[in-house]
Amino acid sequence: MSDLHEISAVQLRDSLRSGEISARETTAHFLARIAERNPLLGAFITVTAEQAMADAAAADARYARLRKSSAAAPAGGTAKDLPLLHGMPLAFKDLTDVAGVVTTHGSAALDHKPAPTDGAVVAVLKAAGVISLGKTQVPEFGLTAYSENRIAPPSRNPHAPSRSSGGSSGGSAAAVAGGLLPFAPGSDGGGSIRIPAAACGLVGLKPGRGLVPSGESSADPAGLVVAGPLARSAADAALLLDALVPSPGSSYLDAVAQEPRPLRIGVSLDSPWSAAFPFTPEQEALAALRAGRDMLEHAGHAVTEADIRYDNRYPDAFTTAWTAAVGTARISPHREALLTPLTRTFRRRAQQRSASKLNESLAFLRQFTRDTIAQYGAWDLMLMPALAQTPRPVGWFTGATHGDERWPAAAWAGDADDDYRRQCEFAPWSSMVNVCGLPAVTIPVYWTRGQPGEGLPMGIQLVGPKGSELLLLQVAAQLGF
């Protein structure tokens with residue numbers, strides 16, 4: 001089986017559990033893919049090849065022991081005793097602690113020391129049997145919708161390497177879309193799973209608040225950050241979600257192929273960012289929305305226009321909550337100059353902001369949540385474009401130079417506020433889903449040259465009520481993804 005990176009994650013998992021292929025063979029294959037493709041894609045900051053091969057050998061030894069103890073069972077009889085993701089390779093965002101591996105947080109201003117313990121998501125997935133191949137590229141502290149920083153080459157889009165893979169799970173998305181990983185966990189505090197999934201042509205699921213272990217942020221006063229899967233299909237995403245949310249007696253993967261009932265779906269271009277940053281969606285974004293709407297209607301769903309009204313105070317309140325943690329990050333004063341302009345600017349503002357201002361913003365966001373969920377409640381799901389623009393060129397947000405020769409000294413030439421404005425205009429339908437704590441999925445329904453895999457991917461976002469993760473994946477599967 002020479003093309004392991006071309007088969008689905010579900011097929012790969014089944015081959016590992018049946019003994020058709022070993023964990024060492026699988027790990028070696030994907031490490032070779034990383035060695036070959038990562039210099040172009042910049043998906044990984046750190047590759048832990050030696051530890052990965054040792055972990056794979058341990059997984060194979062466990063498989064051999066189980067096989068020996070059940071020698072009288074039919075072939076594959078050991079599968080039920082194996083962890084769900086036995087031998088499956090993946091990698092973690094470099095915002096998430098993996099024991100013994102440096103967590104850079106994408107920042108040159110921090111001391112880069114190995115983490116003493118695994119983070120919550122890492123611990124859950126290691127218990128499910130995965131083999132970690134390393135740490136993937138992120139923006140500094142996960143703050144931006146692109147994955148570029150001052151410590152490693154920028155993460156690039158496998159479909160067009162001059163374009164960004166999005167952020168903040170951009171390295172993970174590039175790795176999955178580029179065949180360096182079968183799937184990957186991401187985290188999402190304002191669109192950080194859905195933005196790179198849409199940019200790279202993947203299915204990206206942001207679960208609702210509280211369903212899975214918390215993401216990378218321990219200072220998240222608005223409860224914005226959640227962990228979820230980046231995958232090439234709804235079935236692959238369901239498999240990873242099963243590992244993130246172990247539940248005896250039920251399985252997202254087993255149920256994902258079931259046809260959902262006919263749904264009432266509201267379609268809207270309204271955004272809470274429009275008042276602060278008026279924007280016009282590109283034609284490619286509107287074409288993706290039309291394509292998604294046509295697919296949904298063909299599948300039997302009723303799609304109607306929805307007029308959603310958002311409070312104009314949202315942009316300031318969200319920005320206050322989103323940047324609160326960077327103000328408390330432990331950074332030596334003499335190293336603050338190493339921060340990117342955007343991080344440095346928002347860190348200074350967070351430190352100057354009063355506690356009452358933060359509390360006022362959090363109170364507003366709670367009311368915003370109640371108002372928005374009440375409006376969305378008129379429909380089963382909400383539909384909107386995933387992005388307002390095609391994937392942006394590398395360096396477009398920051399004005400940075402990322403040439404092959406000049407990257408280590410890349411200069412951020414742009415203004416921090418202009419950078420932030422560009423991000424909000426690029427992804428204006430993401431952050432309010434985090435504020436409301438709702439599940440959402442992005443689906444790559446459109447390609448700019450008309451055929452799957454040709455040109456740049458563009459997608460739709462579906463937002464559901466609390467507890468609708470399975471329904472969202474079922475709709476994605478129903479549409480052929």
Side-chain angles (χ1 to χ4, degrees), residues 93 95-96 105-106 119-121 138-147 166-170 172 185-197 204-230 244 271-273 276 310-311 313-329 342-343 346-347 349-350 353 357-373 376 386 420 423-424 426-442 461 463-466 469:
K93 289 175 65 172
L95 303 173
T96 306
H105 293 278
V121 169
V138 293
E140 190 167 55
F141 299 118
L143 283 175
T144 63
Y146 55 88
S147 295
S168 66
S169 305
S172 297
S187 57
D188 191 317
S192 290
I193 289 172
R194 292 158 290 149
I195 293 168
L205 178 71
K206 184 203 91 65
R209 183 179 293 131
L211 181 68
V212 301
S214 61
E216 73 275 355
S217 177
S218 59
D220 179 16
L224 300 172
V225 181
V226 296
L230 289 150
L244 287 167
S271 165
W273 292 100
Y310 297 108
D311 193 306
R313 292 173 291 172
Y314 175 87
D316 180 65
F318 174 80
T319 303
T320 295
W322 176 239
T323 59
V326 75
T328 59
L342 182 139
T343 304
F346 283 107
R347 175 176 170 81
R349 291 174 185 172
R353 192 178 294 129
K357 169 65 175 175
L358 175 58
N359 289 333
E360 178 185 316
S361 295
L362 295 175
F364 167 80
L365 293 177
R366 288 192 290 272
Q367 184 60 51
F368 176 91
T369 295
R370 291 190 288 270
D371 293 343
T372 302
I373 290 177
Y376 286 5
Y420 191 62
Q423 293 180 63
C424 296
F426 174 59
W429 299 291
S430 299
S431 62
M432 76 279 193
V433 186
N434 299 81
V435 169
C436 295
L438 298 175
V441 68
T442 53
Q461 174 177 242
V463 182
K466 182 178 179 180
E469 289 84 2

Qualifying residues under salt bridge (charged side-chain N to carboxylate O under 4.0 Å, His left out), relative to [X], sequence neighbours excluded:
{"X": "Arg366", "value": "none"}
{"X": "Arg313", "value": "Asp311"}
{"X": "Lys357", "value": "Asp316"}

Distance check, rounded to the nearest 0.5 Å: [X] atom [atom1] versus [Y] atom [atom2]?
{"X": "Ser431", "Y": "Leu224", "atom1": "OG", "atom2": "CG", "result": "8.5 Å"}
{"X": "Glu469", "Y": "Leu205", "atom1": "CD", "atom2": "CG", "result": "6.5 Å"}
{"X": "Gln423", "Y": "Ile195", "atom1": "CD", "atom2": "CD1", "result": "8.0 Å"}
{"X": "Leu438", "Y": "Met432", "atom1": "CG", "atom2": "CE", "result": "9.5 Å"}

Please name the residue in the list Thr144, Thr343, Leu95 that meets the side-chain contact (heavy atoms from CB on, under 4.5 Å) test with Pro139.
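Among Thr144, Thr343, Leu95, the one that satisfies the side-chain contact (heavy atoms from CB on, under 4.5 Å) with Pro139 is Thr144.
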Under 3.5 Å: donor-acceptor pair, side chain of [X], backbone of [Y]:
{"X": "Asp220", "Y": "Val225", "result": "yes"}
{"X": "Ser271", "Y": "Pro428", "result": "yes"}
{"X": "Arg209", "Y": "Val435", "result": "yes"}
{"X": "Ser169", "Y": "Ser187", "result": "yes"}

Taking side-chain hydrogen bond (donor to acceptor under 3.5 Å, both in side chains) as the definition, give me every residue that meets it alongside Gln367, ordered by chain and number, with sequence neighbours left out.
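Gln367 satisfies side-chain hydrogen bond (donor to acceptor under 3.5 Å, both in side chains) with Arg370, Asp371 once adjacent residues are dropped.
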Could you work out, with side-chain hydrogen bond (donor to acceptor under 3.5 Å, both in side chains) as the rule, every residue matching Ser147, not counting sequence neighbours?
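So Ser147 forms no side-chain hydrogen bond (donor to acceptor under 3.5 Å, both in side chains) with any residue.
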For Tyr314, which residues count as a ring-ring contact (aromatic ring centres under 6.0 Å, His included) partner, sequence neighbours excluded?
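Result, ring-ring contact (aromatic ring centres under 6.0 Å, His included) vs Tyr314: Trp273, Phe318, Phe368.
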Test Thr319 against Arg349 for side-chain contact (heavy atoms from CB on, under 4.5 Å), laying out the working first.
CA-CA 11 Å; Thr319 303; Arg349 291 174 185 172; over 6 Å; no
